[in-house]
Amino acid sequence: MKRMYDSDKLHEECAVAGVCINVEESAGLIYNALLALQHRGQEGAGIAVLRETRICNYKKRGLVSEVFNGDTLKNMPKGKIAIGHTRYSTTGNNTIDNVQPFVTEYLTGRIATAHNGNIVNAKQIKEKLEKLGVDFAATSDSEVISCLIAYNIIKTGDEAAGVREAVKLIQGAFSLIIMTSGGKLILVRDGYGFRPLCIGSNVHGIMAASESVALDSGGFAFERDIEPGEMVVIEGGKIISAEKVITQSKSGLCIFEHVYFARPDSVIDGQSVYKARFNMGVRLAEEFPADADCVAGVPDSGLDCAAGYAFKSGLPLVSAFVKNRYVGRSFIYPSQIERESAVRVKLNPLKFNIQGKRIVITDDSVVRGTTSAKIVRALKDAGAKEVHMRISSPPFKHSCYFGTDIDKVENLIANKLTIQEIADKIGVDSLAYISLDGMKAACSDCTLGFCAGCFTGEYNVNINAYDKEILEDKSKCQAIGDKL
Ligand code: AMP
């Protein structure tokens, strides 16, 4: 088995998309889907197209529009099947090797794999495959998945059977889109349903994607979510089989998808993301009212929650910040003066709405507390009389092993300080976090259970201490909270 790409980092929040249609326009449709999913990852992007039995894979660091600029997209081969991926931005190991799709060649064929999530037994699988003679040079969990699938395709002599056997051996979070040289698009979601995956259709065929917004972008009508543990095989623009291949005792969508990751115009497992965030604001207003003049959200993740808070409290909803849509990713400036300026050009306080006001400001989470401190300072500098911060998730205290990139546990502010101490540190007049029950109740349309392990420390998957050590031993991101 030949390894095509190497990686030395586990994969984090990402987006996947795949299309199988009856016209040879798949690359452009995946490009649009990736643009719609750009919020899930800005570090790198890639598209793999199937042309007859060959796979052409183009991937690079950068935003989707940067990777596929100029004639790059035009020069992609024509094909009826394609998959794509966007990768989450971290400062460590930001190399081309980490960008997906991964292409794995084996004796009789090849597959391209796009993965969202994080698996917890990659090291064990890799060791076993190495003993069987599979050649690795990297530690990426997505590469391990790709090689495991290829190995099982050889073993079973069948593409779908190979995927079925392989995914039974994987533990953790995975929403997978696999394109085979035999002309199949195969979708699999792990048995808990940690990360979203849905499909839509139109007269030309089928699109699968992390979020329904991607289907909207390509004119595919939402059909349904892939069930936890389900494998769907698509060929010739049609679903040819759908079966449950992994069974777990409970389901658990990552609740942070609704709090932060997903776009508000997506619907995930029956729950509108916008409605969930609005409901969180309503709930926060009930649980933690404030004596204030107005409500505002931190753009963009706090905005829908602010609308809910304003609706319930009767306080006027105002804009406290204007976000510059043209800044793009933050450049790492060498000097403090340049860094401060970069911050202000991205999110500028709207003094007119802030000066002399007692303001309720909503945001999705406080992780290290750096962002909140900057937000509060900006509000106070703009003349806010009082700042009351309301957070639409409970205190963030634990690691995530299933695809949320968070700082080391010891850097999570809620582990070091009490809520009052955090309030003092970030300089707010009051600080309150939604209750765990309140957050879950806000997502009551969701047809799945939730994983809220980053707030509770309880995970659906048992991870032993050895694996925890491996999973935690990765260079953590500094990208968290690059809003300000
Ligand atoms: P901080 O408290 O400075 O670590 O920043 C928290 C803010 O970062 C939140 O309000 C979110 O908008 C954003 N955020 C939370 N979790 C993540 C994550 N896993 N990746 C990137 N940004 C995040």
Side-chain angles (χ1 to χ4, degrees), residues 9-15 38-43 86-92 94 116-118 173 194-195 254-264 273 277 280-281 284 296-306 320-321 323 329-330 339 343 346-347 361-379 389-417 419 421-423 425-428 431 433-434 439 451-455 472 474-484:
K9 191 166 190 311
L10 299 161
H11 285 282
E12 321 288 349
E13 304 109 40
C14 299
Q38 184 76 84
H39 60 286
R40 296 183 72 87
Q42 295 104 45
E43 180 183 307
T86 60
R87 188 171 188 279
Y88 172 73
S89 170
T90 63
T91 50
N94 185 3
N116 175 208
N118 201 77
F194 275 107
R195 298 287 155 209
C254 164
I255 201 160
F256 214 51
E257 290 281 348
H258 281 301
V259 172
Y260 173 73
F261 293 142
R263 247 172 70 162
V273 177
R277 291 180 188 166
M280 287 168 196
L284 267 170
V298 178
D300 291 311
S301 44
L303 295 178
D304 307 325
C305 173
F321 292 96
K323 186 170 174 178
R329 287 165 304 152
S330 309
R339 277 199 295 273
V343 156
K346 194 161 186 181
L347 213 52
I361 186 90
T362 58
D363 205 354
D364 60 275
S365 58
V366 179
V367 183
R368 296 166 308 164
T370 347
T371 310
S372 321
K374 287 176 183 168
I375 302 262
V376 176
R377 201 183 64 217
L379 288 170
M389 186 164 261
R390 298 293 179 265
I391 305 296
S392 57
S393 59
F396 208 117
K397 289 189 172 180
H398 306 275
S399 263
C400 173
Y401 307 101
F402 308 103
T404 301
D405 196 5
I406 51 163
D407 210 332
K408 290 198 179 82
V409 171
E410 55 267 32
N411 292 338
L412 303 177
I413 196 166
N415 272 330
K416 296 189 283 193
L417 304 177
I419 295 180
E421 286 167 342
I422 299 173
K425 174 127 198 226
I426 63 179
V428 279
L431 169 68
Y433 294 82
I434 197 171
M439 175 179 64
C451 173
C454 49
F455 307 115
E472 279 167 8
K474 51 179 181 165
S475 62
K476 283 297 186 179
C477 72
Q478 297 301 313
I480 290 183
D482 73 342
K483 278 191 285 200
L484 252 194

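Numbering of ligands and ligand atoms starts at 1, following listing order.
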Looking at S393 and D364, would you say the former's side chain and the latter's main chain have a donor-acceptor pair under 3.5 Å? yes

Any donor and acceptor pair, going by atom type alone, linking the side chain of N415 with main-chain N or O of V409 inside 3.5 Å? yes

Any side-chain heavy-atom pair of I434 and P394 under 4.5 Å: yes

By number and element, which atoms of ligand 1 are closer than 4.0 Å to a non-hydrogen atom of [X]?
X	value
S365	6 (C), 9 (C), 10 (O), 11 (C), 15 (C)
D363	10 (O)
V366	2 (O)
T404	19 (N)
S301	12 (O)

When rounded to the nearest 0.5 angstrom, what distance separates OH in Y88 from CZ in F261? 7.5 Å

Rounded to the nearest 0.5 Å, what's the gap from CD1 on I375 to OG1 on T370? Could you check? 11.0 Å

Min N/O separation [X] to ligand 1 under 3.5 Å:
X	value
V367	yes
R368	yes
G369	yes

Closest heavy-atom pair, K416 versus E410, reported as atoms and distance to 0.1 Å, is CD-O, 3.4 Å

Among the heavy atoms of Y88, does any lie under 4.0 Å from an atom of ligand 1? yes

Relative to each other, are the rings of F194 and F402 parallel, tilted or perpendicular (30° and 60° limits)? parallel

